[in-house]
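This report refers to the structure that appears directly beneath it.
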Amino acid sequence: MSNHLAAIPETGIASLGLHLPPLSMRVEDLATLRGVDPQKYLVGLECEEFGVCPPDFNVVDLASEAARRAISRWDGDPADIGMVAIGTETAVDMSRPLSAFVAERLNLRGNIRSYEVKHACYGGTVALRQALEWRLSGAAQGKAALVVAADVATYAQEDPGEPTQGAGAVAFIIDKPDIARIETVSYPYSSPAFDFYRPVGDEYPIVDGKLSLDCYKQAAESCFKALIGKEDPGAIIDSFEALCFHVPFPKMVRKTVMRMGEVFGWGAERVNDMFHDKVEPTMLWNKLSGNAYTASLWISVAGALQGLRTGKRIAAFSYGSGFGSELLQIIAGPLAAEAAWAEDIRKDLAGRGRLDGDAYRILRDLGTLKAVSA
Ligand code: COA
């Protein structure tokens, strides 16, 4: 082995932290407010609740607290952090990166590469891959990275996407693979499209719902085909304890998995069983957070890693409109079993207030619930 290779440290997720905003709403209450049959949101979209940010709370708060929690559980020294990379599509400034706002809160300064990554909901995964590859290249010289995926997903009032709103942040310390290792080889797929985009200055995204579902399915199919190659799809899928997906809303994931079953040539029963065993359980926290854009996939992964024995594998499919996607393979490490990060979700869920229709309408009418606010 060359000296260069000998210097490459073992790399993966050493610590995890999550944060959800302090308010929430049940989709039934939104349905009542909008005069819609609640079954459309509960059954048609498979949504349950979504997180809401109060006026004095934004993506900087979400990202900073998730990062603080991840650092607090890490056995390393914050002075050894050499990269801060944040994936978001809730930019608070067109020039100053979200990482600068977070670094300021956490007093991270010095010999650190600090930046923001944008690629719709895929940006957090890109930041994570860059941190992994930075360490594996040897350029990190053994330093750790702080990576955060954080977003507030808000749609205009009465927009069909309103029940799919949400918010959340997931932070990672990329250092020793105590919680999980991530395979160096991954399976990306991209193809330019205008399925979901937010022009500069616009408060809310423009969504072509049908196109975004088609792009998402095409991306998932292509990434899984690349992973499976000439192998038996059943054997490859069985090698994973769980399959995690980006979750714009849970029904979108179900439809994508059904499509994958068709591609594999599986009957309805087999694909339904697979969805029930390996996919649906990973979306429990997503059904309480709502869509958190860059953080969505990673909320699902954090849920799926809980309690896994060392060596157990999960697949993680990341998708961002525009569009770009990547399929990763994640292998549980020794700290997955105790899942210390689950306490973050328990604490945030127990502490959050619930908005009824009137309170939500007042908040929105005041114009205080903004996708973009500094
Ligand atoms: N009871 C049960 N189900 C009902 C219902 C009722 N009363 N009324 C409608 N539904 C079902 C529909 O049949 C449909 O299910 P299906 O897709 O399985 O057929 C589902 O509810 C949605 O209804 P639809 O009329 O298609 O919804 P919509 O036009 O209001 O669109 C979204 C809603 C969420 C799909 C759309 O706004 C959207 O695509 N949003 C964003 C997508 C996104 O985030 N993309 C980017 C990231 S990948």
Side-chain angles (χ1 to χ4, degrees), residues 13-23 51-119 121 123-132 134-135 139-154 167-175 198 200-201 203 292-295 298-299 341 344 347-348 351 368-374:
I13 302 170
S15 182
L16 267 176
L18 294 95
H19 191 36
L20 302 180
L23 296 174
V52 178
C53 296
D56 57 349
F57 184 97
N58 70 10
V59 70
V60 178
D61 302 289
L62 275 174
S64 302
E65 179 60 13
R68 191 195 64 72
R69 291 173 177 185
I71 292 170
S72 74
R73 292 197 188 96
W74 177 44
D75 66 4
D77 181 348
D80 286 334
I81 292 175
M83 175 185 281
V84 179
I86 303 197
T88 189
E89 56 182 297
T90 318
V92 294
D93 190 288
M94 284 302 296
S95 298
R96 194 176 197 250
L98 183 54
S99 61
F101 290 85
V102 171
E104 199 160 38
R105 293 263 181 106
L106 301 178
N107 198 24
L108 294 171
R109 58 190 75 232
N111 300 118
I112 298 172
R113 179 185 290 167
S114 164
Y115 62 103
E116 179 181 308
V117 179
K118 179 183 67 158
H119 191 317
C121 305
T125 304
V126 176
L128 183 72
R129 289 296 318 182
Q130 288 178 333
L132 290 167
W134 171 71
R135 273 187 53 98
Q141 296 186 287
K143 293 258 186 179
L146 168 66
V147 175
V148 189
D151 270 302
V152 179
T154 315
V170 181
F172 313 82
I173 298 293
I174 301 301
D175 186 33
R198 181 158 67 87
V200 172
E203 192 170 344
Y293 292 158
T294 53
W298 298 103
I299 289 173
W341 61 90
D344 296 345
K347 185 173 162 206
D348 290 348
T368 44
L369 183 66
K370 294 254 198 305
V372 184
S373 57

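One-based numbering along the sequence shown. None of the values given here were measured: they were computed from a predicted structure.
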Q | Minimum-distance pair of heavy atoms, taken over all atoms of L62 and H19 | A | CD2-O, 3.5 Å
Q: Taking D175 for its side chain and A144 for its backbone only, find out whether a donor-acceptor pair lies under 3.5 Å.
A: no
Q. Crowded around D77 CG? As in, over 12 foreign heavy atoms under 6.0 Å?
A. yes
Q: Specify the closest pair of heavy atoms between I173 and I71, including all atoms of both residues, with the distance to one decimal.
A: CD1-CG1, 3.8 Å
Q: Please test R113 against Q130 for side chain to side chain contact (heavy atoms under 4.5 Å, CB included), starting from the C-alpha separation and ending with a verdict.
A: CA-CA 11 Å; R113 179 185 290 167; Q130 288 178 333; over 6 Å; no
Q: For A63 and A150, work out which heavy atoms get closest and say how close.
A: CB-CB, 3.7 Å
Q. So, for A295 and V170, which heavy atoms are closest and what is the spacing to 0.1 Å?
A. O-CG2, 4.0 Å
Q: Heavy atoms only: give me the nearest V148-A67 pair and the separation to one decimal.
A: CG2-CB, 4.1 Å
Q | Exam field: side chain T90 to backbone V152, donor-acceptor pair closer than 3.5 Å | A | yes
Q) Within the distance-only criterion (no hydrogens, no angle test), does the side chain of R135 pair as donor or acceptor with the backbone N or O of A140 below 3.5 angstrom? A) no
(Q) Main chain of D151, side chain of T88: is a donor-acceptor contact present, judged purely on distance under 3.5 Å? (A) no
Q) Minimum heavy-atom separation for A292 to G168, with atom names? A) CB-N, 3.5 Å
